[in-house]
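For reference, the structure is listed below as structure tokens.
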Amino acid sequence: MPELPEVETIRIGVERRLVGRTVEEILVHSARTTRHEPDLSTYAELAGGEVREVARRGKFLWLVLEGSTRALVVHLGMSGQLLHLRTPPDPPLRHSAATLVLDDGSVLAFVDQRTFGYLRTSPLVPTSDGHPGGAGTRSGTVPEAAAHIARDPLDPHLDVEDAAARMARTSSAIKRVLLDQRYVSGVGNIYADETLWAAQLHPEVPASSLATEILAQVIARSAEVMGAAVAVGGTSFDSLYVDTEGESGYFARELRAYGRAGAPCRRCGTLVQKLVVGGRATYMCPRCQARGANPVGRMVRLER
DNA sequence: CGGGCCCTGGAT
DNA sequence: ATCCAGGGCCCG
């Protein structure tokens, strides 16, 4: 569920509430939540540390704690939430996965209905380019568990040209490539569709049929869309996505493609179509995003 | 590189 | 009862 804009909104909330606070205790309520690192003593070792930074790369979130070379990593999966509560909830929250108890008596509750999210610790390792590991950190390190994903489109240190060049070498559908976190991270199903609507590209065109310059523009479009979404707190369809204070985001009203099947395209009035690409529901304007008939696609390669 | 699967709950 | 959901990984 949460994509980059939602995770960034949550990161800002966690940063505001936790930096300078000490994590007294890490309580795990569901064994599945720590499936990537079942040994609970590792979490216990981090307890007692003051939170220095709350960082994010793509959809990965991590806490940097004083006196530890390991980060506390959270991935929210499809339905994870981090809620800051003044006091421990009583009765316990439904779908509660883990709780961080803070030194002022408040808690950060990790709630996860669909259980695809997880909590783990991971050693901080140097970034390959020496730049900060992501948003919210000044250190040139990233948790090893998140080192396999690329920088995201809102990261000033993303090498857009390099990412575009690598994308141009795969024949997969452009939408699949946008969802592949190894090229650029943070883009999920909603923002992939919004990006392709903005770029006026058909989701099924092979990335290799697009010029590197076009692919760089697609990355730029994704940054614009996700930046605008961060500005309004992300996209909430229902209570499944809320920020750390329990508030919804307002980007749903700005969506141009996602979830709009049968509604008129905001650019040309043609009815938005729903199809399946890479096993995911996909929404697009059949006119604006016709294969090979779009402004960005004018430079489409004939063959390579 | 595409398909299937992990899980739960709400909609149809 | 069945299908579908915003993520990611593993399999063949």
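Fair warning: this is a prediction, and the values are worked out from it, not measured in the lab. Residue numbering restarts at 1 for every chain, and letters A, B, ... go by the order of the sequence lines.
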Output every pair passing ring-ring contact (aromatic ring centres under 6.0 Å, His included) with a member in residues 103-137 of chain A, not counting sequence neighbours, ordered by first then second residue.
A/H36-A/Y118, A/H75-A/Y118, A/H131-A/H157
Spacing of the P atoms in B/dC7 and C/dC11 (rounded, Å):
16 Å
Taking the side chain from A/S68 and the backbone from A/R70, do they hold a donor-acceptor pair closer than 3.5 Å?
yes
ring-ring contact (aromatic ring centres under 6.0 Å, His included) partners of A/F237, counting only residues at least two apart
A/Y258
Round to the nearest Å and state the distance from A/D238 atom CG to B/dG10 atom C1'.
9 Å
Could you summarise the pairing of DNA chain B as dot-bracket text, marking Watson-Crick and G-U pairs under 3.5 Å with ( ) or [ ] inside the strand and | across strands?
||||||.|||||
Check nucleotides 10-12 of chain C against the protein and report each pair of N or O atoms closer than 3.5 Å, with its distance, or say if there are none.
none

Starting at atom CD1 of A/I174, determine the distance to atom P of B/dG2, rounded to an integer number of angstrom.
13 Å
Which atom pairs, donor and acceptor, lie under 3.5 Å between side-chain atoms of residues 16-29 of chain A and protein residues at least two apart or in another chain?
{"from": "A/R17", "atom 1": "NE", "to": "A/E245", "atom 2": "OE1", "distance (Å)": "3.4"}
{"from": "A/R17", "atom 1": "NE", "to": "A/E245", "atom 2": "OE2", "distance (Å)": "3.2"}
{"from": "A/R17", "atom 1": "NH2", "to": "A/E245", "atom 2": "OE1", "distance (Å)": "2.8"}
{"from": "A/R21", "atom 1": "NE", "to": "A/D103", "atom 2": "OD1", "distance (Å)": "2.6"}
{"from": "A/H29", "atom 1": "NE2", "to": "A/T99", "atom 2": "OG1", "distance (Å)": "2.6"}

NA contact type, A/Y191, heavy-atom cut-off 4.0 Å: base, sugar-phosphate, or nothing?
nothing
Separation of atom NZ in A/K175 from atom P in C/dG8, rounded to whole Å:
14 Å
Could you list, one pair per line, each protein nitrogen or oxygen that sits under 3.5 Å from a nitrogen or oxygen of nucleotides 5-9 of chain B, together with the distance?
{"from": "B/dC7", "atom 1": "O2", "to": "A/R114", "atom 2": "O", "distance (Å)": "3.3"}
{"from": "B/dG9", "atom 1": "OP1", "to": "A/R94", "atom 2": "NH2", "distance (Å)": "2.7"}
{"from": "B/dG9", "atom 1": "OP1", "to": "A/H95", "atom 2": "NE2", "distance (Å)": "3.2"}
{"from": "B/dG9", "atom 1": "O4'", "to": "A/Q113", "atom 2": "OE1", "distance (Å)": "3.4"}

